[in-house]
Amino acid sequence: NHEIVIILQSRSSAGATTLYQVTVVHGDGTELTAMVENFSQNDQPLSKSSQPTPQRPTPPMTTEQLVEMLLRPELTLYV
């Protein structure tokens with residue numbers, strides 16, 4: 001269907017935190033992005049200089065699940 005799928009997987013230098021980001025660009029130019037991490041920004045120490053602490057070993061969804069979600073026809077963009 002002429003979609004372009006871009007997958008980014010990133011791990012912190014300490015190896016504790018993981019980020020998955022998936023972007024789908026449709027043939028009509030519509031772009032959807034979903035991102036999941038294995039930590040919550042809201043549950044981190046107050047110090048901005050410390051590394052984030054993960055709340056789970058891996059993000060709650062895989063990149064495959066993110067791609068599947070973003071390609072679902074019922075995911076409609078209203079402008």
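For reference, positions follow the sequence shown, starting with 1.
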Minimal heavy-atom distance between A16 and P54, with the atoms involved, is O-CG, 3.4 Å
Measure the NE2-NE2 distance between H2 and H26 for me, rounded to the nearest 0.5 Å. 13.5 Å
Cluster question for you: counting only ILVMFWY and a side-chain heavy-atom cut-off of under 4.5 Å, with indirect links fine, are L75 and I6 together? no
According to a 4.5 Å side-chain heavy-atom criterion applied to Ile, Leu, Val, Met, Phe, Trp and Tyr, with indirect links allowed, do F39 and M35 form part of one hydrophobic cluster? no
Could I get the full list of side chain to side chain donor-acceptor pair (under 3.5 Å) partners for T17, not counting sequence neighbours? S12
Do V24 and Y20 land in one hydrophobic cluster if side-chain heavy atoms of ILVMFWY residues count as linked below 4.5 Å? yes
Hey, what do you get for OG1 (T58) to CD (E37), rounding to the nearest 0.5 Å? 13.0 Å
T18 backbone acceptor or donor facing N38 side chain under 3.5 Å: yes
Return a table of donor-acceptor pairs under 3.5 angstrom between the side chains of residues 60-71 and protein atoms on other chains or two or more places apart.
| unit_1 | atom_1 | unit_2 | atom_2 | d |
| --- | --- | --- | --- | --- |
| T62 | OG1 | E64 | N | 3.4 |
| T62 | OG1 | E64 | OE1 | 3.3 |
| T62 | OG1 | Q65 | N | 3.1 |
| T62 | OG1 | Q65 | OE1 | 3.4 |
| Q65 | OE1 | T62 | N | 2.8 |

With a 3.5 Å distance limit and no angle check, can you tell me whether Q55 reaches the backbone of T53 through a side-chain donor-acceptor pair? yes
